[in-house]
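Structure first, commentary second.
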2 protein chains.
Amino acid sequence: MTGRPTITQLAAELGIAPSTVSRAFTRPNLLKPETVALVQKAAEAAGYVPNHHARALSTGRAGAIGLIVPDIANPFFPPLVRAAQNYASDLGLSVFLADTDEDPNREDRLISRMAPQVEGLIVVSSRLASSRIRQIADSQRVAFINRDVPETYRVLLDTTAAIRSALTHLAELGHRRIAYVGGPPQSWANKQRHSAVDNFTKAHALEVMHFSADPGTYEAAKALGDSVAASGVTAVIAFDDVIAHGLMGGFAAAGVEVPKDVSVIGCDDTLATTTFPALSTIAVNVGAAARRAVAALSENPGSTSLTGARVIFEGTLVLRGTTGPVRSASSPLTLEPELDYPTTGSVQVRRGSDS
Amino acid sequence: MTGRPTITQLAAELGIAPSTVSRAFTRPNLLKPETVALVQKAAEAAGYVPNHHARALSTGRAGAIGLIVPDIANPFFPPLVRAAQNYASDLGLSVFLADTDEDPNREDRLISRMAPQVEGLIVVSSRLASSRIRQIADSQRVAFINRDVPETYRVLLDTTAAIRSALTHLAELGHRRIAYVGGPPQSWANKQRHSAVDNFTKAHALEVMHFSADPGTYEAAKALGDSVAASGVTAVIAFDDVIAHGLMGGFAAAGVEVPKDVSVIGCDDTLATTTFPALSTIAVNVGAAARRAVAALSENPGSTSLTGARVIFEGTLVLRGTTGPVRSASSPLTLEPELDYPTTGSVQVRRGSDS
DNA sequence: GTGAAAGCGCTAACAT
DNA sequence: ATGTTAGCGCTTTCAC
């Protein structure tokens, strides 16, 4: 009949002041334990649920954060969303989810619309121009994931070292001609992985060929299989597991065997052991990144923007079944140990723990 | 300096009343066009953004809906989330996302917590008891997807007919012993698919064996491969594509070839053509379901609960590469045409359009 | 067509 | 330890 009860109604029922009822929920330690108990009992009985909007209006705290991703259907994002949501929930925050559909304009609009209504925003794999990002970061509380713009708060899933491990591994197996098959060109992760491959191969006199799956789908990558195989490379590192998987599909269709004819290494570990052979990949701790971003937003709740920071989580190489010795009989190369990269230590079977 | 401007500040600046500014946004037709233009210009210049919380408090409309799923990392859900979010966005609604982690208690808590703050809730694949669901539906605006409780508002992805098509197809290929490999036991979809298989096989003197992948993961299904193969069935229908895929992995490991030795049909079409051979499956229009649910919530914004309804979207069989003639030489069965099920018409290569 | 005033439900000084 | 009061930013009667 009367709908959901309000604090005022509860107070009236109990013959006490609304502020007392309010305090019973927000600052119970200011109250006599008996009073708190009394209020809680009555609230329970009446089915009282606090009104977030009223609270937000009064306190200026929204009790929610926004999470903006380019494409929730891409398997990289669901685990991230899940971790963010879980952790936010632990902190008493709700999460607004929005999908930009890879469209920078949509992303920009979404940010402007959401920002004022939330405690802060997490923007993953932003497709916006750096100048715009800096601008936004200046006036909004936003944490970026996988976008590296100076002075902003950003958490990065760094695969550079793991890619070096991967290439070392391939070189040790005798591979000399290697392909990098890129993904979304505007993506920071793609640029980072591209350069990591470039730098290492250059430094170690390995030959590298670049391809790009556009869009970064299974089908597009599969269609690329022929050209990659024809290019004469004996190993490939793909931007992500979806592309790696597509490539494997293309190779299979062309009669090219993995890992006998060509080795492949993916990235992000989104497919686990569901491919055949099981895909070797670079695992990346999306959960930790998501939690760090949420934590950043929940700290310093007053400020109008986050202070710049660059927090890094390193990926790790996980070897499964898609790498093997090079087919042709060139002798395995042992890389000089004095070169400036770690040759071991980051090769593990499972990804590391958090934080 | 002063942070984001408010309606009152804008009004003061322009020397007009706050109510006029408010109307310029919400009921422009009540105002002189020049006034509207004036206000809009000033708002733009000042970077005014309406405060959702204040609006919500004043109007009682939240401008947001909640979306509750059991596990966002399961590939069935992301496309649904995406469609819901897109459509909600079109209607000017934001969406809160929450993940229950398959835990009924968590689901229940989430519903109670979110419901008062939103226009309405979409609960997908609820794991709650029917009695509890009815109770909730009574006092909250909630649309259920893939949970069929009478008198509630529910949209169902019905695969019964498509499963009949699938079995017909298998029977025509000569299959007589068929397995159904189930998924989450509490899931409505699982129960529906289970009975669909049971009813049809019973009516047509096909032999059926039941298995269940618990949990419904690739790994669990893969581990089941041996037993399923050993059971002597020549075809299997899986609860979903993930399980079908796991089974294929198990079969491959056991040297059982698909479709030569055993045919397999999945459900939900979450894998497209990424398996080898490409998985035949039952495609289901999750986008349409999501949009219908969002639409339902946006209708009759006043009421305290949705009026019961049962809206159905039929799945369709899509044949790719995992079904073939039975290995042993039993003659193909042609089913009697007078039996009460459609033998053709729902076999298509792509899923149908919306509605 | 526009203004004045009250109020949505809650919290936060400031009393007491 | 609790009550009083004012006000968050917006919408909405009700006047004019």
Side-chain angles (χ1 to χ4, degrees), chain A residues 2-40 42-43 46-64 92 113 115-119 301-302 304, chain B residues 2-40 42-43 46-64 92 113 115-119 301-302 304:
Chain A
T2 45
R4 313 217 141 279
T6 71
I7 268 194
T8 325
Q9 287 169 21
L10 268 191
E13 233 171 70
L14 296 171
I16 62 180
S19 48
T20 304
V21 178
S22 171
R23 284 190 269 254
F25 295 110
T26 52
R27 274 155 177 57
N29 43 324
L30 292 192
L31 257 39
K32 210 162 34 188
E34 331 156 20
T35 318
V36 176
L38 182 74
V39 172
Q40 275 175 348
Y48 168 76
V49 181
N51 181 320
H52 276 195
H53 300 296
R55 183 177 299 190
L57 186 56
S58 180
T59 60
R61 329 282 242 62
R113 263 189 27 196
Q117 328 297 341
V118 297
E119 216 89 346
T304 107
Chain B
T2 46
R4 312 218 143 279
T6 72
I7 268 193
T8 324
Q9 286 168 20
L10 268 191
E13 234 171 70
L14 295 170
I16 60 180
S19 46
T20 303
V21 177
S22 171
R23 283 190 271 253
F25 294 110
T26 52
R27 276 156 177 56
N29 42 325
L30 292 191
L31 256 40
K32 211 162 36 188
E34 332 154 21
T35 317
V36 176
L38 181 75
V39 172
Q40 275 175 347
Y48 168 77
V49 181
N51 181 321
H52 276 194
H53 300 296
R55 185 180 302 204
L57 185 56
S58 181
T59 60
R61 327 281 244 61
R113 262 189 31 195
Q117 329 297 342
V118 297
E119 216 90 342
T304 107

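Since the structure is predicted, the reported quantities are computational estimates derived from the model, not experimental observations. The sequence lines fix the lettering, A, B, ..., with proteins before strands; numbering per chain opens at 1.
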(Q) Test side-chain contact (heavy atoms from CB on, under 4.5 Å) on A/V39 and A/L31; report intermediate values, then the result. (A) CA-CA 11 Å; A/V39 172; A/L31 257 39; 5.7 Å; no
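- Pairing each heavy atom of B/A64 with each of B/V118, the nearest pair is O-CB, 3.4 Å.
- Evaluation of the side chain to side chain donor-acceptor pair (under 3.5 Å) test over residues 22-37 of chain A, restricted to residues two or more places apart or in two chains, returns A/S19-A/R23.
- When all heavy atoms are compared, the tightest approach of B/A17 to B/A11 is C-CB, 3.7 Å.
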For residues 48-61 of chain A, tabulate all N or O donor-acceptor pairs below 3.5 Å that involve a side-chain atom, not counting sequence neighbours.
| from | atom 1 | to | atom 2 | distance (Å) |
| --- | --- | --- | --- | --- |
| A/N51 | OD1 | A/H53 | N | 2.7 |
| A/N51 | OD1 | A/A54 | N | 3.0 |
| A/H53 | ND1 | B/H53 | ND1 | 3.3 |
| A/H53 | NE2 | B/Q117 | O | 3.2 |
| A/T59 | OG1 | A/R55 | O | 2.8 |
| A/T59 | OG1 | A/R61 | N | 3.1 |
| A/R61 | NH1 | A/E119 | OE2 | 3.0 |

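- For the residue pair A/V36 and A/P28, the shortest heavy atom distance occurs at CG2-O, 3.6 Å.
- Note on the helix from C/dG1-D/dC16 to C/dT16-D/dA1: angle between the axes of the first and last five pairs equals 30°, rounded to 10 degrees.
- Partners of B/A37 according to the side-chain contact (heavy atoms from CB on, under 4.5 Å) rule, which considers only residues two or more places apart in sequence or in another chain, do not exist here.
- Contacts of B/L38 classified as side-chain contact (heavy atoms from CB on, under 4.5 Å), with partners at least two apart in sequence or in another chain: B/L14.
- Shortest non-hydrogen contact noted between B/I7 and B/P18 is CG2-O, 3.6 Å.
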Q) Where along nucleotides 3-8 of chain C does protein come under 4.0 Å, by heavy atom, of base (B) or sugar-phosphate alone (S), with - for untouched nucleotides? A) BB--BB
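- Taking the 5' to 3' direction, DNA chain D first and last meets chain B under 4.0 angstrom from a heavy atom at D/dG9 to D/dT13.
- Considering every non-hydrogen atom in both B/G47 and B/P5, the closest pair reads O-CD, 4.0 Å.
- Within residues 24-33 of chain A, the residues approached by DNA chain D to less than 4.0 Å at the level of any non-hydrogen atom are A/L30, A/L31, A/K32, in residue-number order.
- Here C/dA12 presents its C1' atom at 13 Å from CZ of A/R61, a figure rounded to the nearest Å.
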